[in-house]
Number of protein chains: 2
Amino acid sequence: MALIVQKYGGTSVASAERIRAVAQKIKAFKETGDQLVVSVSAMSGETNRMTALAQTIQDTPSLREMDVLLTTGEQVTIALLTMALQQLGCDAISYTGAQVRIMTDSEHGKARIKSIDDHRIRQSLTQGKVVVVAGFQGVDEDGHITTLGRGGSDTTAVALAAALKADECQIYTDVDGVFTTDPRIEPNARKMNVVSYEEMLEMASLGSKVLQIRSVEFASKYKVPLRVLSSLIDNPVGTLITNEENIVEQALISGIAHNKDEAKLSLIGVPDEPGIAFKILGLISIANIEVDMIVQSVSAREGLTNFAFTVHRNDFKTASKILDRLCQELGAMIVQSDDKVVKVSLVGIGMRSHAGIATQMFEVLHNEGINIQMISTSEIKISVVIDEKYLELAVRSLHAVFELDKE
Amino acid sequence: MALIVQKYGGTSVASAERIRAVAQKIKAFKETGDQLVVSVSAMSGETNRMTALAQTIQDTPSLREMDVLLTTGEQVTIALLTMALQQLGCDAISYTGAQVRIMTDSEHGKARIKSIDDHRIRQSLTQGKVVVVAGFQGVDEDGHITTLGRGGSDTTAVALAAALKADECQIYTDVDGVFTTDPRIEPNARKMNVVSYEEMLEMASLGSKVLQIRSVEFASKYKVPLRVLSSLIDNPVGTLITNEENIVEQALISGIAHNKDEAKLSLIGVPDEPGIAFKILGLISIANIEVDMIVQSVSAREGLTNFAFTVHRNDFKTASKILDRLCQELGAMIVQSDDKVVKVSLVGIGMRSHAGIATQMFEVLHNEGINIQMISTSEIKISVVIDEKYLELAVRSLHAVFELDKE
């Protein structure tokens, strides 16, 4: 008898009809003999509706009160899903985040889970009930209601699985699993049966939208077997995300991620003195702008250096203004800026033990006439920044050369 | 500086616009220097909408899960109202029933309040905040969410006022206050400035819909000064409901209540033996039917008695069937039943010290040709059951004879 935690997102529970469908699935699982804990989001659209309602009332809605407002969404879903299960003869009970003591810090709107008390859940499981828990929410030590920010529902499910030492945490979504790359760009993209936490982390931070980084981090930290699968088909298998050690045959490259939200900024011909990086990035950071890739390289002229970095496209204008000012102050030559770039990344644990992947990657791109503007690597990933018009070409040629369409 | 508890019902907070209007009122009060605690219901229509939604999912919705579902209604309102107050520059904070430890028993759907911990509310009041509390809800000792049943929002407000030893509990509604009788029947009905708990209790149990019995009982028990007033006008005065001792000039009669939901049943010619009342009412009670008035009187024949009682019209059919069976069993002569009756009641503390009120009442009705079918009295009320076609005539003639239109 296994203990499984399942998470169903907003679209899966968007209507009474869909809630009934999810209840049928859950009941079928229950009948295989497993113990089930189900984490659910608010019905799709509800969170947006309530946010819009709040904005007609308060220009800058209070973060604390937004949490009070939004958490009603999940509370509605847990009640309806529990009723649907009971209607099918499947004993069930609902709990809010507070009731199972999902304790968080006090950062309303983006709280982090600190602990979960599994006592009450275990008690209900022992009574043979399916336990339905409200995702995306918790409570701080003063009893104030909090929400967990983006990806919070996935994080709740993983955290519950960690606290309960569950055998598996299943995230139900509208894709079949994790693919070698975006199937909309490369139709030959293959669904992976298994991938490591590390690779999934890289892919999530590099642009893959299947899972939020936070929940993968959580799963990795507490070694929760995490499975991403489709809520739209019967008997889905999906992709298992697990410890590297558990993966017998490790692929060289697992996948290709891409990120279209990049913009590149370069300060050319900066006097090469100590503290330059700190000066530039310090001002960027004070403006609350996150920097992704950083490359400092020698300039053509001696004593000068070129400093390039990427930011999110939303921050492009603000960052450009900062650099223009700095250009004058530091006596640099020029600012180059380009918000028509994308980042394409190869991800794979296999890279550690195989030299030459990078070279192969650069060769492929060169052969396709794609200029590489920046390069950034880590143990298991190689990222390049290229002109956005080459996105599909780059992804497809890399996918083919590294034979990602094959098992 | 006074501490006031205010309650606003569902129609007062039915939309974002109305919520803003209520926030304006509250802010104006706050600026007079009082400390304010506000209890609110769900936005009008929400409770019905969610109940209907639940019924599409579960034939007989789980009581516990209905409470989880319905309490989201008040939770939405407290968040929006608090946001509206903050937008007006009025510091405020919201609390659910659980957060201020409104402790109840475990009767989901009709829980009774056992205690409230005022500590957190006082803390926020001391910080100069308006405290907005979710009405109609609480939590039992195991942390399960409960709702309070009919009139629960009023009861929450009164209970809060009792726990906080507030100077006044103001119930905002869509009538100007408590009237001598229903203004729709008697246009000359006068709004009373003050009325006693006892009279209000009688009127509430006798058909007046302004306040639920439970909240008046609570106010009476804990001596909470209770004011009913209109949310639709500026500077309303309403009606103060208070201890008899606080009312200097007591009116002879305070008002006339009526109840159209009555049905009368009589067992005629029952053998007059010990245990008859128990037999009849015992069976009625087992069927979960509440009995209102009871009159046992002598029959024309010796050794026989007539036993009459009234029930709610909804229970008429069921009670009739029980009586038909009993008629045979007990060897009674006949069952008379009539669901076209109404109960009209005079209420007034003044009755205690004035004999002859009843006589005067019966004389008035007699002069109008209205036959009295049953009579029931208490210290401060006289009720009669009459044919429903005489309702308006009875109310108006009594109102005129006892000069209720005058102060």
Practice task
Using the six-membered ring wherever Trp is involved, compare the ring planes of B:Phe29 and B:Tyr172 and label them parallel, tilted or perpendicular (cut-offs 30° and 60°).
Solution key: perpendicular

Exercise for the section: Identify the two heavy atoms, one from B:Ser231 and one from B:Ser12, that lie closest to each other, and give their separation to 0.1 Å. Expected result: OG-OG, 3.4 Å

Practice task
For residues B:Gln212 and B:Ser215, report the shortest heavy-atom separation together with the two atoms involved.
Solution key: O-OG, 2.8 Å

Exercise for the section: Heavy atoms only: give me the nearest B:Val5-B:Ala161 pair and the separation to one decimal. Expected result: CG2-CA, 3.7 Å

Handout entry: Heavy atoms from other residues, nucleotides or ligands near CZ of B:Arg112 exceed 12 (cutoff 6.0 Å)
Key = no

Exercise for the section: Heavy atoms only, distances under 4.5 angstrom: which of A:Ile93, A:Ile19, A:Leu53 has the most pairs with chain B? Name it, please. Expected result: A:Ile93

Exercise for the section: Pick whichever of B:Gln99, B:Arg64, B:Met66, B:Glu17 has the most heavy-atom pairs under 4.5 Å with chain A. Expected result: B:Arg64

Exercise for the section: Decide whether B:Ser94 and A:Glu65 meet the rule of one side-chain donor and one side-chain acceptor closer than 3.5 Å. Expected result: yes

Exercise for the section: Would you indicate whether the side-chain heavy atoms of A:Lys7 and A:Cys169 approach each other to under 4.5 Å? Expected result: no

Practice task
Among B:Ile121, B:Ile116, B:Asp117, find the one that has a side chain to side chain contact (heavy atoms under 4.5 Å, CB included) with B:Arg101.
Solution key: B:Asp117

Handout entry: A:Gln75, part contacting chain B, at a heavy-atom distance under 4.5 Å
Key = both

Handout entry: Residues B:Lys114, B:Asp105: salt bridge by 4.0 Å N-O rule
Key = no

Problem - Salt bridge B:Glu46-B:Arg49, side-chain N to carboxylate O under 4.0 Å - result: yes

Problem - chain B-proximal positions within residues 138-147 of chain A [heavy-atom distance under 4.5 Å] - result: A:Asp142, A:Gly143, A:His144, A:Ile145

Fill in the blank from the handout: Heavy-atom closest pair (A:Phe136 atom, A:Thr156 atom, distance to 0.1 Å) is N-OG1, 2.9 Å

Fill in the blank from the handout: Those residues of residues 76-90 of chain B that come under 4.5 Å of chain A on a heavy-atom basis, listed by number, are B:Val76, B:Ile78, B:Ala79, B:Leu80, B:Thr82, B:Met83, B:Ala84, B:Gln86, B:Gln87

Problem - For B:Arg20 against A:Ile57, the heavy-atom pair lying closest together - result: NH1-CG1, 4.0 Å

Practice task
Could you tell me which of A:Thr96, A:Thr56, A:Val68 has the largest number of non-hydrogen atom pairs under 4.5 Å with chain B?
Solution key: A:Val68

Fill in the blank from the handout: So, the part of B:Leu70 with a heavy atom under 4.5 Å from chain A: the answer is neither

